[in-house]
Amino acid sequence: QVQLVDSGGGLVQAGGSLRLSCAASGRFFSINPMGWYRQAPGKQRELVATITSGGSTNYDDSVKGRFTISRDNAKNTVYLQMNSLKPEDTAVYYCYARVLATPIAPRTTDYWGQGTQVTVSS
């Protein structure tokens with residue numbers, strides 16, 4: 001079993017910055033990718049950014065140039081630096097990890113953090 005603990009959300013004014021963190025713990029062989037999704041009230045959960053163990057990144061167009069995802073493989077931790085925040089970034093942000101438990105049986109499982117609230121005031 002794998003646990004994801006995400007943190008770092010809060011209330012910030014438009015134009016401000018926040019940094020989210022998510023640490024994975026438990027027994028597993030590898031995690032690939034890790035990333036962040038978000039869900040605003042009344043909307044579906046959507047991709048924000050993902051990063052592979054090799055450092056390849058993928059961003060939603062709405063956050064390109066403002067958000068930066070990074071990863072510390074030794075700590076099984078993923079970060080999301082959010083700059084130039086806008087009111088439309090307000091949502092609950094969820095850490096995501098696709099876990100490979102063992103290389104012998106190549107079946108992956110998706111895990112989610114508990115979510116951290118990000119609120120951007122105008």
* Report whether Tyr37 and Leu4 are members of the same hydrophobic cluster (ILVMFWY, side-chain heavy atoms less than 4.5 Å apart, transitive linking). => no

* How long is the span from the CG atom in Leu80 to the SG atom in Cys95, to the nearest 0.5 Å? -> 10.0 Å

* To do: Give me the ring orientation class for Trp112 and Tyr96: parallel if the planes are under 30° apart, tilted from 30 to 60°, perpendicular past 60°.
  => tilted

* Asked: For residues Asp72 and Thr77, is any side-chain donor paired with an opposing acceptor at under 3.5 Å?
  -> no

* **Test: Arg45 cationic atom under 6.0 Å from Tyr94 six-membered ring centre, within 45° of axis** => yes

* Can Lys64 and Asp61 be counted as an ion pair, charged N to O under 4.0 angstrom? -> yes

* Asked: How many angstroms lie between atom OG1 of Thr50 and atom CG of Asn32, to the nearest 0.5 angstrom?
  -> 9.5 Å

* Taking C-beta and beyond as the side chain, do Gln39 and Glu46 meet within less than 4.5 Å on heavy atoms? -> no

* Asked: Does the side chain of Gln1 come under 3.5 Å of the side chain of Tyr111 through a donor N or O and an acceptor N or O?
  -> yes

* Residues which pass side-chain contact (heavy atoms from CB on, under 4.5 Å) with Arg19, listed by chain and number, not counting sequence neighbours -> Tyr79, Gln81

* **Residue pairs, two or more places apart or on separate chains, that pass disulfide bond (SG atoms under 2.5 Å apart) and touch residues 45-86** => none

* Asked: Are any of the side-chain heavy atoms of Asn58 and Leu47 separated by less than 4.5 Å?
  -> yes

* Asked: Can you find a pair of side-chain heavy atoms, one from Thr102 and one from Arg27, that are under 4.5 Å apart?
  -> no

* **Gln114 vs Val92, side chain to side chain contact (heavy atoms under 4.5 Å, CB included): CA-CA, chis, key distance, verdict** => CA-CA 9 Å; Gln114 79 279 8; Val92 177; over 6 Å; no

* Flag side-chain contact, heavy atom, 4.5 Å: Met34 against Arg98 -> no

* **Stepwise side chain to side chain donor-acceptor pair (under 3.5 Å) check, Asn83 with Ser17** => CA-CA 4 Å; Asn83 298 329; Ser17 298; 2.9 Å; yes

* Please walk me through it: do Leu100 and Ile31 pass side chain to side chain contact (heavy atoms under 4.5 Å, CB included)? -> CA-CA 6 Å; Leu100 179 64; Ile31 302 178; over 6 Å; no

* To do: Report yes if some heavy atom in the side chain of Val118 is under 4.5 Å from a heavy atom in the side chain of Met82; otherwise report no.
  => yes

* **Exercise: identify the closest heavy-atom pair between Asp89 and Val120** => CB-CG2, 4.3 Å

* Structure fact -> Rounding to 0.5 Å, atoms OG (Ser121) and CD (Gln13) come to a distance of 5.0 Å

* To do: Determine whether the side chains of Asp60 and Ser62 contain a donor N or O and an acceptor N or O closer than 3.5 Å.
  => yes

* Distance (rounded to the nearest 0.5 Å) between Ile69 CD1 and Leu20 CG -> 10.0 Å

* Asked: Could you go step by step and tell me if Phe67 and Trp36 meet the ring-ring contact (aromatic ring centres under 6.0 Å, His included) rule?
  -> CA-CA 11 Å; Phe67 292 9; Trp36 295 91; over 10 Å; no

* **Side chain proximity check, Asn76 to Phe28, heavy atoms < 4.5 angstrom** => yes

* Any donor-acceptor N or O pair under 3.5 Å, side chains Thr90, Glu88 -> no

* With distance as the sole test, does Thr116 use its side chain to make a donor-acceptor pair with the main-chain N or O of Gly9 at under 3.5 Å? -> yes

* Asked: What are the two closest non-hydrogen atoms of Pro87 and Ala14, and how far apart are they?
  -> CD-CB, 4.1 Å

* Roughly how far, to the nearest 0.5 Å, is the CD1 atom of Ile51 from the OG1 atom of Thr68? -> 10.0 Å

